[in-house]
Amino acid sequence: MAKIRATAAEAALPPEDAPEAAPDEMLPISQRAMLRRPDGYLDALNAEQREAVETLEGPLLVLAGAGTGKTRVLTTRIGHLLSLGRARPGQILAVTFTNKAAREMKHRVAQLIGGAVEGMPWLGTFHAIGVKIMRRHAELVDLKPSFTVLDTDDQIRLIKQLLEAENIDEKRWPARQLAAMIDGWKNRGLVPKRVPDGESFGFANGKGRDLYAAYQRRLKELNAADFGDLLLENLRLFQEHPDVLEKYQQRFHYMLVDEYQDSNVAQYLWLRLLAQGTNNVCCVGDDDQSIYGWRGAEVDNILRFETDFPGAKVIRLERNYRSTAHILGAASGLIAHNQGRLGKTLRTDSDDGEKVVVEGCWDDEEEARIIGEDIEQLQRQGHSLNEIAILVRASFQMRAFEDRFITLGLDYRVIGGPRFYERQEIRDATAYFEVTLNPANDLKFERIVNVPRRGLGEATLKALHQLARANGIPLTQAARIIIETEDLKPKPRKALADLLAAFDRWRALIDGMRHTELAELMLDESGYTGMWQADRSQQAQGRLENLKELIRFMDEFDTLAGFMEHVSLVMDAATEEGTDRVSLMTLHSAKGLEFDTVFLPGWDEGLLPHQRSLDETGRSGLEEERRLAHVGLTRARKSAKITFAQNRRTYGMWQTAVPSRFIDELPHEHVEVAEDKGTRGYGPSRFESAETLFASGFYETPGWQRAQRNRQSGGGGPRREPLTIDGTLVAASTAQGSGLDVGERIFHQKFGYGRVASIDGNKLTVDFEKAGRKKVVDSFVERV
DNA sequence: AACTAATACTTTTTT
DNA sequence: AGTATTAGTT
């Protein structure tokens with residue numbers, strides 16, 4: 001086992017560390033000269049960008065609005081540092097939040113400096129860099145260098161076990177909730193003993209902090225760290241070991257942070273410690289694009305930059321190179337409603353272009369139909385589908401579009417979605433690999449002990465747990481003991497013995513066999529591939545494909561351990577390029593991208609300012625939602641269209657929706673209401689009024705005003721002044737005993753006439769004459 | 001231990 | 001509405 005750890009540790013310290021061994025890694029003179037040529041990289045910048053690139057010493061905040069060349073500044077700055085010989089690649093720390101951004105930056109730096117330098121060893125996500133540092137000093141944070149990074153699944157599983165051990169009712173205090181709390185604490189840089197009493201009481205009557213502490217202890221026993229630890233433990237490392245900190249302070253001559261508005265407290269503290277060395281820290285960000293507050297990001301970090309880093313210089317990039325004047329005007333007008341901004345005024349030299357179009361739809365299906373038609377129209381006009389995107393607030397919205405596009409035969413791609421690594425089959429497969437490498441990983445062992453089914457169920461697991469807990473040993477070791485006894489029935493005993501033997505066999509092959517072959521062997525011999533082959537379901541084929549893809553991906557690494565290092569942090573599904581497809585994604589995953597044409601469906605009150613955001617974080621939540629809307633609009637280069645639905649299904653029930661308040665906040669001069677094409681008639685006659693409504697100038701129409709009234713009155717109840725932030729969304733909650741009885745004949749806006757089949761509170765099951773059996777909320781039906 | 005039925009929960013976003 | 005988890009049954 002010691003041997004295995006050694007391999008893992010070696011793999012964890014890849015050759016990128018070479019700079020120390022090969023001291024002079026400065027770019028060759030010829031290359032530096034090339035970078036200096038007069039038509040070179042600096043000339044391509046505007047005055048502010050250039051200043052941002054050339055201000056090398058001291059703290060610098062670059063406030064870069066959407067489309068102002070933020071990435072260009074960052075990469076040019078790195079190139080500049082290298083070409084001036086101010087730093088070697090290994091002396092520049094450059095952190096991003098996403099793997100995508102890290103890849104992009106690596107790529108562009110390589111382009112800039114001609115790919116001569118073998119990458120930048122310290123360019124990566126906060127988490128990836130955190131792991132790298134922690135592996136080198138693992139013992140100082142009570143881990144072994146081969147520690148594994150837990151995914152969210154394992155995290156929950158572990159917490160469940162803790163709750164069980166403490167006899168806490170998981171119904172009342174769900175593991176997810178505790179996981180979220182612990183995450184939150186870690187994001188704020190709080191170790192267990194620093195958790196405030198009040199918050200500790202938020203879980204299981206004050207056991208929150210103790211559970212957190214117990215969880216951390218279990219992690220150490222398992223030699224594992226969760227995502228939060230990659231930052232928190234790093235911070236602890238620096239705080240408790242000034243000598244280590246000093247080493248890194250000296251190493252990093254220049255520090256760059258991308259998307260600083262997304263940083264959380266732990267990241268901020270980490271950065272500030274490092275910056276106390278040279279103080280050459282450059283943060284790039286946009287407070288108007290801070291959309292990860294719910295995940296612990298602190299807009300405050302960017303708002304306070306000048307106080308945190310005394311003597312800081314602030315440069316604003318306000319020239320937008322992306323969007324037309326109308327789009328920019330609409331976006332700026334919207335975001336101006338936020339308070340607590342650093343304030344930027346985006347300018348552009350572009351033409352006015354087209355106004356932002358707003359169109360109301362009957363329901364989400366019509367929304368998808370209208371947008372589908374628009375896209376087909378664009379396609380006929382010769383636009384590339386790759387330049388069209390649909391940006392939604394929540395992923396459930398995607399479904400209507402996917403359905404529609406499939407019937408239209410329109411090619412689309414979903415960006416984001418479940419990450420490759422998060423798929424069940426990938427997690428299972430990597431669990432096999434992990435247990436082979438590290439038999440002490442109880443969580444992974446538990447994951448696959450009975451996958452595929454081997455007859456090792458609850459009873460066996462319980463026995464194993466008991467033995468393991470009593471002796472303080474890993475499950476696999478307990479298994480080894482238990483198969484020598486009579487404690488298990490013959491069948492499970494044999495199955496367990498076989499499994500252990502298999503792991504031993506695979507482990508013996510690690511050094512003697514190509515790791516991709518070994519991986520295939522493991523999946524075959526364990527019966528895992530067989531399990532999916534035998535599965536006749538729709539998805540089984542896809543899962544097998546994914547497993548193949550996994551093996552292909554592994555090929556890019558030299559060892560199994562080296563692959564495992566990256567799998568949890570950096571692996572995401574390959575996005576096939578090449579084909580012409582419409583992109584479908586959430587607003588969050590659209591940040592940093594741009595398209596000629598952007599569709600923004602679902603600007604409904606409760607969905608675009610998302611109700612949950614409003615409920616949980618009030619005003620600041622509303623402002624974050626507004627920033628999300630702003631991010632959406634600013635993705636568009638040439639045209640943007642906003643739609644909303646008047647009826648939407650939530651949790652399977654129809655509710656009337658009200659247009660988003662953000663629509664009203666758009667400056668009139670940059671907006672036009674969709675003209676009536678006369679081809680969109682839909683079902684019931686009441687829709688005709690909606691058509692005329694949109695044809696005759698939106699803001700003055702009766703329909704619009706009705707929507708306004710609805711918004712303010714909370715859905716027909718007694719009038720309430722402007723919808724309060726935590727006001728509930730129209731219908732559902734206003735139902736006061738409907739007085740309906742089973743068997744009564746009713747009318748519903750969408751489904752027409754029907755008879756009540758059963759009543760459950762305010763939820764009705766109705767047999768409609770045309771639409772069949774549906775569940776609806778009683779306030780949407782009227783007695784006839 | 002495995003299968004079926006009932007119930008609860010969902011719909012923010014990501015390393 | 002649909003999925004995921006859980007409880008109850010064989």
Side-chain angles (χ1 to χ4, degrees), chain A residues 95-102 124-131 149-152 155-156 160 170-171 174-176 180 183 186-187 225-232 259 262-264 266-267 290-297 364 391-400 415-419 421-422 424 450 452-462 489 491-492 495 566-572 585-591 602 604 606-617 621 624-625 627-628 631-632 648-654 729 760 763 765 772-776:
Chain A
V95 274
T96 63
F97 280 84
T98 64
N99 293 307
K100 202 172 74 189
T125 63
F126 270 102
H127 293 84
I129 287 172
V131 176
V149 179
L150 292 193
D151 52 57
T152 352
Q155 203 182 341
I156 303 278
K160 268 196 180 134
E170 230 240 273
K171 281 273 151 56
R176 305 196 127 276
D183 253 16
K186 289 187 173 179
N187 284 336
D226 64 17
F227 281 119
D229 280 344
L230 301 183
L231 296 165
L232 182 71
E259 308 275 18
D262 290 339
S263 61
N264 60 38
Q267 286 158 339
S290 163
I291 53 176
Y292 284 106
W294 51 273
R295 215 176 99 194
D364 56 343
L391 311 181
V392 297
R393 171 66 244 257
S395 39
F396 77 91
Q397 291 175 265
M398 290 185 187
R399 195 167 155 178
I415 299 190
R419 292 240 155 293
Y421 176 73
E422 283 170 12
Q424 185 192 335
N450 202 29
R453 298 249 148 94
R454 301 186 170 88
L456 298 172
E458 226 173 298
T460 316
L461 250 294
K462 208 171 171 189
K489 296 202 173 114
K491 255 194 192 161
H566 285 263
V567 75
S568 56
L569 281 178
V570 230
M571 203 161 128
D572 39 43
M585 71 190 92
T586 63
L587 287 163
H588 283 90
S589 41
K591 193 168 70 160
D604 301 11
L607 183 56
L608 188 41
H610 198 283
Q611 194 57 47
R612 200 158 147 184
S613 228
L614 265 38
D615 291 345
E616 282 169 13
T617 42
E624 180 153 315
E625 296 290 311
R627 291 193 289 267
L628 214 37
V631 165
R648 201 174 282 282
R649 247 183 334 198
T650 356
Y651 303 129
M653 284 174 303
W654 286 97
L729 178 59
D760 173 21
K763 297 169 202 168
T765 306
R773 175 167 286 206
K774 303 275 176 194
K775 281 186 189 171
V776 295

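Lettering of chains follows the sequences in order, A, B, ..., and the numbering in each one begins at 1.
Of the two residues contacting DNA chain B, namely A:F396 and A:Y292, the nearest-nucleotide position lying further toward the 5' end is that of A:F396. Of the two residues contacting DNA chain B, namely A:H610 and A:R454, the nearest-nucleotide position lying further toward the 5' end is that of A:R454.
With B:dT10, B:dT15, B:dA1 as the choices, the nucleotide that has an atom nearest any side-chain atom of A:T460 turns out to be B:dA1. Of all nucleotides listed (B:dT13, B:dC3, B:dT15), B:dT15 comes nearest to the side chain of A:H127. For A:A459, the side-chain atoms get nearest to B:dA1 when compared with the rest of B:dT13, B:dA1, B:dA2. Across B:dA1, B:dT13, B:dT14, the shortest atom-to-atom separation from the side chain of A:W294 is found for B:dT13. Checking B:dT10, B:dT13, B:dA2 against the side-chain heavy atoms of A:Y651 singles out B:dT10 as nearest.
Under the 4.0 Å criterion applied to side-chain N and carboxylate O atoms, A:D183 and A:R295 are not assigned as salt-bridge partners. Under 4.0 Å is where a charged nitrogen must lie from a carboxylate oxygen, and between A:R649 and A:D364 no such pair does.
Note: A:F97 and A:F126 have tilted aromatic rings, judged against thresholds of 30 and 60 degrees for the angle between ring planes.
Not one side-chain nitrogen or oxygen of A:R399 sits closer than 4.0 Å to the OP1 or OP2 atom of B:dT10. Of the side-chain N and O atoms in A:S395, one or more sit less than 4.0 angstrom from OP1 or OP2 of B:dT13.
Here the P atom of nucleotide B:dA2 and the NZ atom of A:K491 are 9 Å apart, to the nearest Å. Rounded to a whole Å, the CG atom of A:N187 is 17 Å from the P atom of B:dT13.
Contact of A:R295 with B:dT13 (side chain to base): no donor-acceptor pair of N or O atoms is detected under 3.5 Å.
Remark: the separation of the P atoms in B:dT11 and C:dT6 is 16 Å, to the nearest Å.
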Dump the intermediate steps for side-chain hydrogen bond (donor to acceptor under 3.5 Å, both in side chains) on A:Q611 and A:D615, then the final yes or no. CA-CA 6 Å; A:Q611 194 57 47; A:D615 291 345; 3.0 Å; yes
